[in-house]
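Step one of this worksheet: look at the structure below.
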Amino acid sequence: MIWWEVDGDVLHVTDADNAELTVEGVDIAVDSASVDIPRPADETVAVTTSELRFPHAVVYAFSLQCDDHRELDPGGEPLSLPPGEYIVDVDTEIKSYLRFSGAATIERTPDYEEVIISFPTRTRVVLGLRCRHEFPVGTITVPDRPSAIADAITHMAASHKTDGPDRSYPTLRGHPALIEHGDSLEITDCIRSGTPDHGIELVVPPNYESLFVTAPLAYYLQATVRTTDDCRHVSSSSGPDRPRLRLIDRGHDVALSPMPELEHDVARLLRKTFFLDCLVRNAGPYGTTLAEYSLLESLDLDADTLYDASPQDRLAAYLDVPDAAIKHRLPEWHLSTYVTPAYESVETLPFLLDRLSMIYTPRSSELEGRELVERSLEDFYRGPDSGHGWTEQPCAPSATRATTGQVASVDILKPDLRSGRTHGWLADGVPIDAFKSAPEAYDNRLDYLERANDAISIYVVLNDPEMAGEHDRVAEIYRQRSEELTIDLSVAESLETATLARVFESDHDFVHYIGHCETGGLCCPDGTLAASSLECCNVQTFFLNACGSFHEGQTLIEKGSVAGAVTFTQVLNDHAIKVGSTFAKLLVHGFSIERAIDLARRRIMMGKDYTVVGDGTHSLTQGDQPPTTARLEELEADGRETQYLLCLDCYSMRAAGSYYFPHTETNEYAYLCGNDSTFTLTRSELVTMLKETDAAVIYDGDVYWSDALWPRFDR
């Protein structure tokens, strides 16, 4: 769903996922347009102007008169289009397509902040707008039978918009149909007709463990899933009950390992296929100058041939690539989820496949002795995703956020985590190092997407005046961000139970609670508020920055929220201030709940006391590209001009397959999200890059936003 309004010469666009797009023009006239454009659009408007300015984005221009397309040079060279009929693809957070007749010039501003599309005279442009979030189309009903679940997984691929390598772009993988329990298998004609049959089969034993684990591979390959008891007539040298991958027309029959080794085989095949698709797709119309692209030549793979090949032929070529040849070039997989393999869990599969999560069977053990403390200290001294740790300034002894009341305890387990950068837990128990999700969280996410929001509603609650330090910091962070995003900020203090209940039962996108939590609930001047006493929770996301708030947060998910940050036990007040302020800054800049709390909690020695409940992949706001972090280190001068090492990390659990382009004076390449890019820069080059990069920068033991950090080096 798309909403738009015009304010003077500015077109403001918002979607159901809180993404925003601002398009500036010169003396613009805007009206609704019912004109179709040859691109998928949720809304079209007609704009008459001589110039349009978009936020920084990747831009492609396609001629509608011939087979010609061009990309706006990432390095800054303008793109001149002679008179003709064009579609211009602007890859902003809300996808934008411009259709027009005539000549045009497309260029970036010197600071790379904007893209300008200008015309010789006032021109009528049809602007197509598309929300990046895809709603599920249809529902599949399944009985408690493995062969029926196999059929449902097969039809998850109906949501793909292409069967070529471009399916590695997140915008070309739609949300799979929902799954619900029933007495018989029911698949609508629309879903059946949209399911491709490429002659690729995954044959697995008739048990839920094998079906769940192989589901992500089947979904991405658009494979037909069959159980071995339905394939007894098919001969196989690997044995009748052995899982296998079959390419029917080519006669390939690849034996896969039984459980639990099947998990490793699936992860290996999916990572390889996805990565090679990301390289091969550059031979198509949406290609870019990708840093990893040169690997194809060393593998003796021809991108042009593979781009046009059938899915079977392309997969066969990928299977011939030795794993060792690409092992060290693969981006770390963005997300792994540990799911109880049972009929009760099948309803969560479409949501996990939408995020292209690996799926593993949950295994765990008990934490031993001081292991929680030791793992917290290990993360703190290691620092966020690097070998450079945080520094913590000495401070006076700090009180905890606990009161004289009893703080709820949590029995934490140690999960057996497999490959993946971020981990979710959809099973019994409360894990360390993984967000504790719940089936309700995914259903709730869809409910919030259907709401029409004019602004992001943030409510800050301070229920203990001694904690005003965090209150003041986070309120200022939200106010500053409201200068760029449409944020409706409310700040309140000392709310009594009835008033606090109304806050959680009202429509808010985010509630930041600062105070105490006891076994009876969140502390208020007149008692405690138990989340279980709420009729419902209409708060999309939350942060309960109070001691032992895990159980209250988990109940808020059950009552209607999508995700929230909570604590396992008592936390020190100064630690809570550091975590709360850093989390706030990251959250409103587009970081997911899990990524924001993961970075924020590494600022304190006992960071493992913080965790996430609900769908940790969920984000409160959306930016023009996946959120970026940078690690900045000053190098030894050695008698020369001081130089700096800057390592960029652009990564998102929602946008697997995206890429980013670092703006340095010498860089010519884009990089796949999940792969770091490292640059050695002079002071002036660093200033320029920080000005042109929207990122959270980890420097000198603290987190800064790039636009606030560059003045420190501009001298």
Side-chain angles (χ1 to χ4, degrees), residues 56 93 112 291 331-335 379-391 420-423 433 435 477 481 484 565 578-604 607 610 612 616-634 644-656 658-664 667 670-681 686-687 689-710 712-713:
H56 168 76
E93 182 56 33
Y112 290 89
E332 187 174 8
W333 200 254
H334 58 287
L335 177 65
D379 264 6
F380 173 77
Y381 286 113
R382 186 176 69 239
D385 307 327
S386 76
H388 309 289
W390 294 110
T391 57
R421 184 163 178 175
T422 301
H423 305 272
D433 294 326
F435 61 86
I477 289 169
R481 188 60 171 148
E484 302 171 3
K578 285 186 178 182
V579 174
S581 57
T582 305
F583 177 85
K585 187 180 299 184
L586 296 169
L587 186 72
V588 293
H589 279 87
F591 284 75
S592 68
I593 300 285
E594 171 66 20
R595 180 67 170 148
I597 202 65
D598 183 56
L599 287 170
R601 69 186 180 187
R602 292 174 187 241
R603 294 196 61 202
I604 64 172
Y610 283 87
V612 167
T617 72
H618 190 65
S619 302
L620 177 64
T621 69
Q622 304 301 316
D624 296 327
Q625 66 174 20
T628 302
T629 55
R631 300 190 300 273
L632 177 61
E633 179 185 358
E634 185 175 324
Y644 299 86
L645 186 68
L646 187 70
C647 181
L648 294 179
D649 174 22
C650 186
Y651 145 78
S652 170
M653 287 175 279
R654 328 163 35 107
S658 297
Y659 62 86
Y660 66 103
F661 188 89
H663 292 294
T664 70
N667 179 53
Y671 293 79
L672 289 175
C673 288
N675 277 345
D676 291 353
S677 57
T678 303
F679 305 92
T680 301
L681 306 170
L686 175 63
V687 169
M689 188 165 187
L690 290 177
K691 285 182 177 180
E692 298 172 357
T693 303
D694 192 27
V697 184
I698 300 159
Y699 172 66
D700 194 25
D702 210 339
V703 179
Y704 303 86
W705 211 257
S706 49
D707 60 2
L709 182 61
W710 69 260
R712 293 182 56 164
F713 302 95

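Residue numbers count from 1 along this sequence. Everything quoted here is computed from the prediction, not taken from an experiment.
Between Phe583 and Ile593, the closest heavy-atom pair is CE1-O, 3.8 Å. Between Pro626 and Cys673 the shortest heavy-atom distance is CG-SG, 3.9 Å. Taking both residues in full, the closest heavy atoms of Arg654 and Thr617 are given as CG-O, 3.9 Å, listed atom of the first, atom of the second, then distance. Scanning all heavy atoms of the two residues, the minimum distance from Asn675 to Pro331 falls at OD1-CA, 3.3 Å. Across all non-hydrogen atoms, the minimal contact from Gly590 to Thr621 is N-OG1, 3.1 Å. Nearest approach of Glu634 to Tyr699, heavy atoms of both residues: OE1-OH, 4.2 Å.
Listed for the Ser706 side chain is a donor-acceptor partner under 3.5 Å among the backbone atoms of Ala695. Side chain of Arg421 to main chain of Glu332: no donor-acceptor pair is present (N/O by atom type, distance under 3.5 Å, no hydrogens or angles). Checked by atom type and distance alone, the side chain of Thr680 never pairs as donor or acceptor with a backbone atom of Leu645 at under 3.5 Å. Counting only distance, with no hydrogens or angles, the side chain of Ser658 and the backbone of Ala655 share a donor-acceptor pair below 3.5 Å. Judged by distance alone, with hydrogens and angles left aside, the side-chain atoms of His663 form no donor-acceptor pair with the main-chain N or O of Met689 at under 3.5 Å. Between the side chain of Thr693 and the backbone N or O of Leu690 there is no donor-acceptor pair closer than 3.5 Å.
The existence of a salt bridge linking Arg631 and Asp649 is excluded, since no basic side-chain nitrogen approaches an acidic carboxylate oxygen closer than 4.0 Å. The pair Asp707-Arg712 does not count as a salt bridge, with every side-chain nitrogen at least 4.0 angstrom from each carboxylate oxygen.
Under the rule for a side chain to side chain donor-acceptor pair (under 3.5 Å), the partners of Glu484 that lie at least two apart in sequence or sit in another chain are Arg481. Residues that satisfy the side chain to side chain donor-acceptor pair (under 3.5 Å) test with Ser652, not counting sequence neighbours, are absent from this structure. Listed by chain and residue number, nothing satisfies the ring-ring contact (aromatic ring centres under 6.0 Å, His included) test with Tyr651 (two or more places apart in sequence, or in another chain). Looking at residues two or more places apart in sequence or on another chain, you find a side chain to side chain donor-acceptor pair (under 3.5 Å) between Ser677 and Tyr660. Not counting sequence neighbours, the partners of Tyr644 by the side chain to side chain donor-acceptor pair (under 3.5 Å) test are Arg683. Judged as a side chain to side chain contact (heavy atoms under 4.5 Å, CB included), and not counting sequence neighbours, the contacts of Asn667 are Phe661, Pro662, Thr664, Tyr669, Tyr671, Phe679.
With rounding to the nearest 0.5 Å, the separation of CG in Leu646 from CG in Leu681 is 6.0 Å. Here the CG atom belonging to Leu620 is positioned 11.5 Å from the OG atom belonging to Ser592, to the nearest 0.5 angstrom.
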Check against side-chain contact (heavy atoms from CB on, under 4.5 Å), His334 and Thr422: CA-CA 6 Å; His334 58 287; Thr422 301; over 6 Å; no
message: Test side-chain contact (heavy atoms from CB on, under 4.5 Å) on Val697 and Val703; report intermediate values, then the result.
response: CA-CA 6 Å; Val697 184; Val703 179; over 6 Å; no
field: Derivation and outcome, side-chain contact (heavy atoms from CB on, under 4.5 Å), residues Leu586 and Leu599
entry: CA-CA 9 Å; Leu586 296 169; Leu599 287 170; 3.7 Å; yes
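No option in Leu632, Thr678, Thr629, Ile698 other than Thr678 meets the side chain to side chain contact (heavy atoms under 4.5 Å, CB included) test with Cys647.
The aromatic rings of Phe591 and Trp705 lie perpendicular to each other, with more than 60° between the two planes, well past the 30° mark.
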